[in-house]
Structures are given as structure tokens and as C-alpha cells.
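Sharing a structure here in C-alpha cells format.
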Amino acid sequence: MAKTITPDLNGPDHFPFSEAERKWQTRWTQANAFQTPTHAGENKFYCLEMFPYPSGKLHMGHLRNYAIGDVMARYYRMKGYNVLHPMGFDAFGLPAENAAIKNKTHPADWTFNNIDEMVTQQQAIGLSYDWSRKVATCHENYYKWGQYLFLKFWEKGLVYRKEGMLNWCPDCQTVLANEQVVNGVCWRCDSTVELKNMPQWFIKITDYADELLADLDKLTEWPHKVLIMQRNWIGRSEGAEIYFTVAEGDLAGTPIPVFTTRPDTIFGATYMVLAPEHALVEKLIASSPEKAICQAFIKKVASMDKADRTDDTTKKEGVFTGAYAINPVNGHKIPIWIANYVLAEYGTGAIMAVPTHDQRDFEFAKEYHLPMILVIKPENAPFSSADEMSAAWTESGLMVNSGPFDGTPNEEGKKKVTEWMAAKGIGKATVNYRLRDWGISRQRYWGMPIPLIHCETCGTVPVPENELPVQLPRDVEITGEGSPLTRHQGFRYVPCPQCGGPAQRETDTIDTFWDSSWYFLRYIDANNTSAPFDTTLANEWMPVDLYIGGVEHAVLHLLYSRFFTKALRDIGLVQCDEPFKKLVTQGMVTKDGAKMSKSKGNVVDPGEILKKFGADAARLFILFTSPPERDLEWSDEGVVGASRFVDRVYRLIHRYAHAFPKAAPDGNPSEAALTLQRSLHQALAAVTRDIEERMNLNTAIARIMELVNEMYRFVEQGEIASADFPIFKEVCDTVMKMLSPFAPHIADELWERTGRNTLIQEEAWPVFNPDLLVAETMKITVQINGKVRGSAEVPLDADEEAIFAKAQEDPMVTRWLEGKTIRRKIYVKNKLFNIVVS
RNA sequence: GCGAGGGUGGCGGAAUUGGCAGACGCGCUAGACUUAGGAUCUAGUGCCUUGCGGCGUGCGGGUUCGAGUCCCGCCCCUCGUACCA
């Protein structure tokens, strides 16, 4: 009678997750299990999830984001990498001020309380962060260095001040953020929001436009979608600036530059259009008979909010100014119009209109009966003059009616015309960007004070480095109207650092995107008190190897961070050109097909799920249900499935745990055990590849589930032969290890139950044995005319003849071959055998 | 309009380079057990057909021994963007 191992069926049927979570989270903390070494060393992996705004409550999107990051961090730790996996809080911003008004709390108290609550929730998920590196952007120790970097940007000439358009509520007497303008009216008092010109601080991100665009090509591990969004956002277009001039009157000869991407059509410019806000408009209409009509039109356009004005259902409208311009290439006198379809912010705010070759100009010209001249004529054109055109021709063709350029292919003409104009001094080649400089001034309290002082005699003076931080005063009155800092006498009125005379502090705070543009560098050296971060350490750890977050940050945050990195490189603080090597944009978590939101009432609180099913089940479900990049539909039933799986694993291993310590080789293992061992190595190979190469965490989990199902089939009889037990133990141990990045609590719990006194995460990620991946025989699918009709079990690497012979033993195959002539045999090695018959 | 992504069972999703479509999970059906639980276990579960078999990856064509996968032409959905001169 062979010796056997009997299961202990008295153990618990369910994984006691509450106790286990408490126990292991405490142990991990006590052991400093996730503390990252200061230096990156040979093998480093910087794994980062976008830090949250501390609203006080985690939502499913957070859970998903952190679960994905945690699996990757834990996996690479087991692979022997030094893993930097930090967490922090993007803690400045408007909600804190709103809460302050609503609840009569101080923004600082509200924010720090929320941070504490969120940390508690994050810890409850079992996330493996190095908490000693936690940052909060509203903390003095952080924003001191944000101010320091601001001064470095200042020295580098990247900061300037100019008038900028802001949303202004005339009733509240305050500047509003774009988000506070709802359908063109103030969110609080419903009065119509005006655009107001106010001096603001800007950062010269446009200096880096070309590099930001060109280096997108280096980001080979970013989602294609994000690269395209950034490319469009930067919006580079090559073209020409052409100087039209005012034809007559007081302003005669005054240049009106236009930007065009179609210099080849310049001979077809039959009128020009200025944006209603164009600086020259007021002067042009001053003595015009059309003055009143123009002023009414300008007022009408100004009162429209931007969304309405740019809506594609809005009709193109315009009025004649009464003034004329000279087309510099042919001296033609053309009328100057103003119209709603020309934008002040793009190009020069003025266009030359070529109705024959621009659809918008075409429609406008038809509407207002403006002249048209055909200047690009395609071969076999269905029209021979402008009158016959039913739409603008925007494709290629030969230039006509274009003086010296007649007959030139228009693509060639673009360059030739530009050179010709440049030689005559009436135009030049130019590159235009949609990207504009970054306006960073915010007339708010809860943000980083901008470290500048305005002195009547010295002008704008930076706060000396040794006086940083410029502290955000606590004793302020927050009413929601105006900036509290302007009312704070002690903060506002200070002596000039240069001349000692009376001066005023800048009372604007900085855009919170400033804070989030360099936090990944601070994590590297989070407790440094003499610099924002140590450059040597930053060079060791950067770039972030894996950055995970929502796609909603595709342009702003991710563009600003890229810009910051490049600027800091030029300042000499880091070496890398790009901050994030691989970017993963996780999909939304939806319920009933819609994004979870309070207004839709479809919010599922992760806290409830954690309480009910435990952290491991919650993590497994959210990772298993959808691949990271796709949207995830929440299902209450689905999480039950994950919880069942956790219990299944727990029961299976727990029942045999007693035998683990004394497991020893004892005779030859059975065929069934060897098969199980082979499945293990196949699963391990697949899981490793799924995590590391494809980041398909859903299929990785599926493979582990499959293996566990097979283990259950193996132990169906309950007893395991002693000879088989070492293999069974190997399978269990590997399952625990493979599971540990996904479900760390149960992994450590079972690791302990099976007699270990180490943490499972200290184990190396198991390596599969290629020799164990394949069996001695293989099953070849047999097709006849491409349809599966049978199979052939043959020795490994059997040749074609052998397989064909074996295939004919299958009665189904013989039946389908009967009376047919074999035309062809196709063998796909180790996979499939197709017999073509007729 | 433009740009990008996607369309596979009742549902979420698998299918690595063209090679057994539907892994894994949910749900459902039947049964076992029972301290009656959101417990556990067993069997089944794409559609049509009594069976043989046939049909099946948005639609229509094509290439191929073989197509969810490649090519051509459509349709639909989601996201981003929006008069960018």
C-alpha cells in the first residue's frame, strides 16, 4: 500500500480576509517591506501611478489605477529589481476653498484630513508603496522647492508677464476658472461672464514646441492615441507670413500680416478678414461709414461665449469694415471684412481669403457675394473658372492667374512663392503653432505663492532663494470673492528685497499643474531639505519606467511634465529628455454603460467592496474583468466570482498545508503528477509573458485560475500519493508566488500556513523550465479541406509521413477521405495537418 | 468635418506570427449535498438540426489549402478635437 497525504478537511472554507489583511498590512509596515533603497543600482524599475487629488474618498478609478501599478511593482520586486513605487497628493486647488466656505473649515485642515483618510484607504488595499517618500504639494516642504524651480525658470528667461484674457464675473468681482463658467454665466450668481484683459504670468512652453513635437517619436511605449493628441495640441503648421497693407486713409501703408499655409494661392486672395478683436479693427472703422454696423457686430460676437461661437452650427457671419487692403503680390485693392470665423488667438488674427481654395472662404464669399479667382487648376477639372465651382478646390493642381507662377505645380509653388515674396520683402516663411504659452496665474488662495515682489523702483524682483519658502499665510478670510491674499496686509506689503523700499508681493498663486509637473522627481529624494532633489539620484532613477493614469491627462499634465523635464535638463538639474518611458492609460470604470458619477447615481464605493469581499478579491476582480487600457464595466456578480476564486485557492492549499514541511521525494511520481507539473510550467511561462511583455493582467489571472482548476482535478480523490507530493508542493508554491502580486494578503497568509516564516515577496519570481513545457507526444489537428475532422496523437517531432499514417487511423478521417483524391497535404509543424481532397 | 480606437455567445472578455473561434469568469439549466448560503461539488451551456451534419467573429466582396486575424468597398458605436487660415 503506497503512502499518501490526506487533506485536513477541518480547516475554514473561506479565506478570513479581514484578519489576514490586518495582520499582513501590519507586518509589512513593521518590516519596512516596501522601502526603496536610496540608490537605483543596476536594475531599477520606477513604477508610478498618477497621484490623486485628496478629495477624501477613493473611487473605483483609483482602485483600478493602483491595483495595476501594484501588480507591476510587486512583480518587478520579485524579479530582483530595485523598485521605486511611491504615492503622494496633488493637494492644492479649488475644492479645498469651496469646502472651506461651505463647512467653515480651513483649506489646510480639510486637505490634510482628507490625505489621512485616503492613505488609510490606500493601505487597506494592500498597496506596496514606500510611504517614507509621500509628498503633498500643499506642504511647505514641497512648495518651497516648487518656488525654487520657479526662480530657476525665471533666471532662464522662461517666465514673463503680459495681458491675458480671463473670465471675469462683474457681480462677484472675481476671476473665474474655465470650469466655473457654466454656459457662459457665473456658476454662483448667474451673471454673464465677461472676458477681461488682466496682467498674468506666462511660462514660455512655446520655446520648446519643436522639441516637444519631435521627441514624441522617442516615446515608442506611449499609446498612439496620446501621441496624436499631443501632436494636435502642439499643432505645428508650416506656411508663410504675408504683409498686406492698408490701402488708403490715415492708416495707408500700415502692414496687416496674415498667416497662411497656402502661399501658393495668394493671387486668388479677393478679400481679407480680421478677427473682431483684432487690434487694428477699431482704428480701421474709426472714420468708416460702416462704423456703427461694425461696432454692433463686434459687440454681438463678444457677448457670445466661446463654445457657441465655435460651434459648427453657428453660421459664418461678417461685416465689411469700409476699408481696403493691398495684396502685395499684385497690387489689387481688396475689401477688409471682420467675421466670426476668424480667431484672434490663432496665427496673426487676420487671414487672406481665397474662396476658390478654402471651403470656409468659399461659403462666406457666396453668402456675401464677394469675388473669386481660380488660381489652382487640376488636370481634367470639372470647372474652368471660379463661376463654375460648387465648392473650394483644396487638392493639388497647376497654378493659373498667378502672374510669373502660371503653370507651376502648386505644391512646388508654395515654396517658390514664399521665396519670391521673401526676396521682395513682402512675406517670409514661418511656422505657426497652436500651442500657446502657459498662463500660470490664479487669483486664488489655496495654491503655491508665486515668489515675486513688485517694487515701484526696481520693478519685479524675485524673492531671494534663502528667503524661501514664501509661506502661504494661514490667517485668511475666504469668501469666494476676490483673492484672499490681496486682502492679507502682512502678506501683501513687504519691503523690496533689492532696495528695501515699499513693495508688494505677487498675490496670485500658481496653477496646480505646476505642482504636478515635477512631483515624480521629488519622490526620488522626497526628504531633501537643501534641494528639490539630488541630481545624481534623479539621473539614476529617471525616467519613470511605467506611468499609469487616466487618459484625461493626455495633453495638459503629460505635456507640462515633458516640458518641465526638458527645461530642468537645460537648467542642469536632470539629464533625461523625457520623463515617462512607458505610459499606460487605463480605461474608465463604468456601471450600466456610463461613467460612475454621483449625478447618475451609479457609483460603487470601493470601501464597501473591500469590506464585503476583501482587498484581494477586489483587486483580482478589477484586474481580471478587462485589460488595463479598456473601459471596465463594474459588475456586482463579477466580484463574487473573484471572491470564490480566492476561497478556492485558500481551501486547496490550506488542506494540505500540514504536509508541506515534511514533503520529500518518495519514489517515482505518477503520470498525472507529471502532467500537472507540465501545466504548471506552461502556466508560469504564460503568466510571466502576460505581465511583462503585454501587461495583460486579465489573461495572467485567467491562466492561474485554469491551473487551479487543474489542481482540483488532480486532488479529486482527496489523497495525494507521497511520491506525487513534492510535485504538488512545487505547484502550490508557484501558484502562491504567481498570485502574490495580484492578491498579496492570501499569498502571504498561505505562505505562512505552509510553514514559512519569510514574506513571500522576498521570494524570487519563479523561472519556468523549458524542458517541462512539452510532452513526449503531441496532438495534431487533422483537417480535410480546411475543416477539422479529427486528430492524431504522435510522438514529438514526428515527420509528415508518420502523422499522415496516424491520421488515417482516425475513423472520421477515413470516412471523409473515402472516394476522394488527395490533391495536397499541408503540415504546419507541431500544430495542424490539412489534407486537400476533391 | 477631421483624427483615433472598437464591433466576437445572454454578459465581461480569450484567441502571441493567417492554423481546433468562444480560454477564464459571470449568468443560466439539471443534479448532488446541506447546518438553507451570495456555501460547496458534479454535468451541461454559440446557433440550427432527431441524427448525420450544417452555419457562425457588424455587412458585402477578394486573396489563401486555411481568414476574427490580410486586402478592397460599406455600416454602426465610443473617445478626442473642432471654423487652426
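Order of the sequence lines fixes the chain letters, A, B, ..., with proteins taken first and strands second; residue numbering starts at 1 for each chain. Nothing here was measured: the structure is a model prediction, and the numbers come from that model. When reading the values below, keep in mind they use all heavy atoms of this one structure, side chains included, and skip hydrogens, waters and symmetry mates.
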Exercise for the section: Classify the nucleic acid contact of Val788(A) as base, sugar-phosphate or nothing, counting any heavy atom under 4.0 Å across all strands shown. Expected result: sugar-phosphate
Practice task
With syn defined as a glycosidic angle within 90° of 0 and anti as everything else, classify G9(B).
Solution key: syn
Problem - Spacing between His14(A) atom NE2 and U40(B) atom P, to the nearest angstrom - result: 6 Å
Completion exercise
From CZ of Phe15(A) across to P of A39(B) the rounded distance in Å is 19 Å
Problem - Option passing side chain to side chain contact (heavy atoms under 4.5 Å, CB included) with Ile256(A) (candidates Thr245(A), Ile336(A), Thr348(A)) - result: Ile336(A)
Practice task
Return no unless some side-chain N or O of Thr625(A) is found under 4.0 Å from OP1 or OP2 of G25(B).
Solution key: no
Handout entry: Distance-only donor-acceptor test (3.5 Å): side chain Lys612(A), base G38(B)
Key = yes
Fill in the blank from the handout: Rounded to whole Å, CZ of Arg689(A) lies from C1' of U17(B) at a distance of 12 Å
Practice task
Measure from the side chain of Val836(A), starting at C-beta and using heavy atoms only, and say which of C65(B), A85(B), C83(B) lies closest.
Solution key: C65(B)
Problem - Between P of G53(B) and CD1 of Ile784(A), the distance in whole Å - result: 12 Å
Fill in the blank from the handout: Per nearest nucleotide of RNA chain B, the residue lying toward the 5' end, Asn785(A) or Glu637(A), is Glu637(A)
Exercise for the section: Give a yes/no answer on whether the side chain of Asn232(A) brings an N or O atom under 4.0 Å of OP1 or OP2 in C2(B). Expected result: no
Problem - Separation of A82(B) C1' from Gln359(A) CD (nearest whole Å) - result: 16 Å
Problem - Distance below 4.0 Å between Arg434(A) side-chain N/O and C84(B) OP1 or OP2 - result: no
Problem - Residue-phosphate contact under 4.0 Å: Arg648(A) side-chain N/O, A39(B) OP1/OP2 - result: no
Handout entry: 5' precedence on RNA chain B between Gln783(A) and Asn834(A) (nearest-nucleotide basis)
Key = Gln783(A)
Exercise for the section: Tell me, with the steps shown, if Leu739(A) and Phe645(A) meet side chain to side chain contact (heavy atoms under 4.5 Å, CB included). Expected result: CA-CA 11 Å; Leu739(A) 208 49; Phe645(A) 172 65; 4.0 Å; yes
Exercise for the section: Would you tell me if any nitrogen or oxygen in the side chain of Arg651(A) comes within less than 4.0 Å of OP1 or OP2 on C41(B)? Expected result: yes
Practice task
Could you give the distance separating C11(B) and G27(B) at their C1' atoms, to the nearest angstrom?
Solution key: 7 Å
Problem - OP1 or OP2 of C83(B) under 4.0 Å from side-chain N/O of Asn340(A) - result: no
Practice task
Measure from NZ on Lys787(A) to P on C20(B) and round the result to the nearest Å.
Solution key: 14 Å
Exercise for the section: Taking atom C1' in both G13(B) and U8(B), compute the distance separating them and give it to the nearest angstrom. Expected result: 9 Å
Handout entry: Between C77(B) and C72(B) - C1' atom distance, rounded Å
Key = 23 Å
Exercise for the section: Determine the interatomic distance between C1' on A14(B) and the same-named atom on C26(B); round to the nearest Å. Expected result: 15 Å
Problem - P spacing across the pair A15(B) / G25(B), given as an integer number of angstrom - result: 16 Å
Problem - OP1 or OP2 of A15(B) under 4.0 Å from side-chain N/O of Arg694(A) - result: yes
Practice task
Establish, with yes or no, whether the OP1 or OP2 oxygen of G13(B) is under 4.0 angstrom from a side-chain nitrogen or oxygen of Ser626(A).
Solution key: yes
Practice task
Write down the distance separating the P atoms in G7(B) and C71(B), rounded off to the nearest Å.
Solution key: 15 Å
Problem - Contact under 4.0 Å: Arg644(A) side-chain N or O vs G38(B) OP1/OP2 - result: no
